Visitor: 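Please see the structure below; I have some questions.
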Number of protein chains: 2
Amino acid sequence: MILTLDLNSEIPIYQQIRDRVVEAVAAGELAEGAALPSTRQLAADLGINFHTVNKAYDLLRREGLLLLNRKSGAVVRRDARSGPPEPGFTDDWGARLRTLLAEATVQGLDGAAVLAACGRTVGGFRVRPEGARVEGESV
Amino acid sequence: MILTLDLNSEIPIYQQIRDRVVEAVAAGELAEGAALPSTRQLAADLGINFHTVNKAYDLLRREGLLLLNRKSGAVVRRDARSGPPEPGFTDDWGARLRTLLAEATVQGLDGAAVLAACGRTVGGFRVRPEGARVEGESV
DNA sequence: CTGCCTGCTCTATTACTTATAGAACAGACC
DNA sequence: GGTCTGTTCTATAAGTAATAGAGCAGGCAG
């Protein structure tokens, strides 16, 4: 798992970690059952505090994406093939989608360009249908 | 401009105001040149502090969407027909799009469903090509 | 001219968030 | 026993969010 962060970004570090993990799972780089680095390990690799990684992992756990325990460490709990969204997710997500697409529209991207960008992005996911690099990866 | 906020949301109020204005412009409810309520007026209508509205308007101004001055008050500076995006916008926006679409993918929405949602959302914009309710609106 | 409304700026306070840090505990594994 | 794991506690410094009040300069209607 190559994880690139921008420590100078206005986006909180723990949020960036969360986003990168979500994207990696969507892209098929991390499949269900894949092990993530331990909080202390990842923190050391990224040069940040392990509490920050802990916060990111805890957020991912609350979102249903990670399974955390002393036994197995941090493990991916679901991916794109694990089943339909949990109830309540789609409404919230739809609202955020509306805001984001409105932003592009307002800035002058026409509907076709917006949809093309969406298509390109979605097409970029699931590039590794069977897991490559799912276990014992380093940052 | 009907502006509905959730004061109990985890999303900051000033951010919600910004998002609603962006969506209204994308939907054609506010066209270039349309006047928005004054900061004090909107704050009173929403039952919040005028500094919070000020912060939202200032954010919209920095994004190039609003024009603020003592003469004309708050006026919409651009809409979907005002021209192409400013340089640098698309990269940042694309990254945020990637994160958001990854989130849906991971939660089990398949590519077709995601693109359908995008299509529906974009199709919902620009419903009023010529401005209705652009001037002197209340909240 | 007066009064009012406008954006705009300043200080200030309270509460929460972010990121840091250090310490400790229980369970698993070799 | 030693080392790794997640987990939990306290603590601190810096930043953000939202509140509040005061004031200024300019436009404009009366």
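The model shown is predicted, which means the values in this text are computed figures rather than measured ones.
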Visitor: Restricting both atoms to N or O, compile the protein contacts to nucleotides 5-7 of chain C shorter than 3.5 Å, with distance only.
Guide:
| from | atom 1 | to | atom 2 | distance (Å) |
| --- | --- | --- | --- | --- |
| C:dT6 | OP1 | B:Ser38 | OG | 2.8 |
| C:dG7 | OP2 | B:Thr39 | N | 3.4 |
| C:dG7 | OP2 | B:Thr39 | OG1 | 3.2 |
| C:dG7 | N7 | B:Arg40 | NH1 | 3.0 |
| C:dG7 | O6 | B:Arg40 | NH2 | 3.3 |
| C:dG7 | N2 | B:Arg70 | NH1 | 2.2 |
| C:dG7 | N3 | B:Arg70 | NH1 | 2.7 |

Visitor: Can you find a pair of side-chain heavy atoms, one from A:Leu101 and one from B:Trp93, that are under 4.5 Å apart?
Guide: yes

Visitor: A:Lys55 has a side chain; which of D:dA18, C:dT18, D:dG21 sits nearest to it?
Guide: C:dT18

Visitor: A:Glu10 has an atom CD; how far is it from atom C1' of C:dA19, in whole Å?
Guide: 17 Å

Visitor: Take atom CZ in B:Arg96; do more than 12 heavy atoms of anything else shown fall under 6.0 Å from it?
Guide: yes

Visitor: So that I can tick it off, tell me whether B:Asp58 and B:Arg61 are bridged by a salt bridge, with the cut-off set at under 4.0 angstrom between side-chain N and carboxylate O.
Guide: yes

Visitor: Quick check: do B:Val114 and A:Leu97 have side-chain heavy atoms less than 4.5 Å from each other?
Guide: no

Visitor: What is the distance, to the nearest angstrom, from the CG atom on B:Leu7 to the P atom on D:dA17?
Guide: 16 Å

Visitor: Output yes when B:Glu103 and A:Arg18 qualify as a salt bridge under the 4.0 Å nitrogen-oxygen rule, no when they do not.
Guide: yes

Visitor: Can you tell me the distance, in whole Å, between the CG atom of B:Asn8 and the P atom of D:dA18?
Guide: 12 Å

Visitor: Using whole Å, what does the distance between atom P of nucleotide D:dT8 and atom CZ of A:Phe50 come to?
Guide: 12 Å

Visitor: Within the 4.5 Å heavy-atom criterion, are B:Ile48 and B:Val53 side-chain neighbours or not?
Guide: yes

Visitor: Quick one: do A:Arg81 and A:Glu32 make a salt bridge, cutoff under 4.0 Å?
Guide: no

Visitor: Does A:Thr52 have a side-chain nitrogen or oxygen under 4.0 Å from the phosphate oxygens OP1 or OP2 of C:dT18?
Guide: no

Visitor: Could you tell me how far apart A:Leu59 (CG) and C:dA19 (C1') are, to the nearest whole angstrom?
Guide: 15 Å

Visitor: Atom CG of A:Leu42 to atom C1' of D:dG6: distance rounded to whole Å?
Guide: 14 Å

Visitor: How close or far is atom C1' of C:dT17 from atom OH of A:Tyr14, stated in whole angstroms?
Guide: 8 Å

Visitor: Can you tell me how far C1' of D:dA17 sits from CZ of B:Arg18, to the nearest Å?
Guide: 17 Å

Visitor: Choosing from C:dT20, D:dG21, D:dA17, which nucleotide comes nearest the side chain of B:His51?
Guide: D:dG21

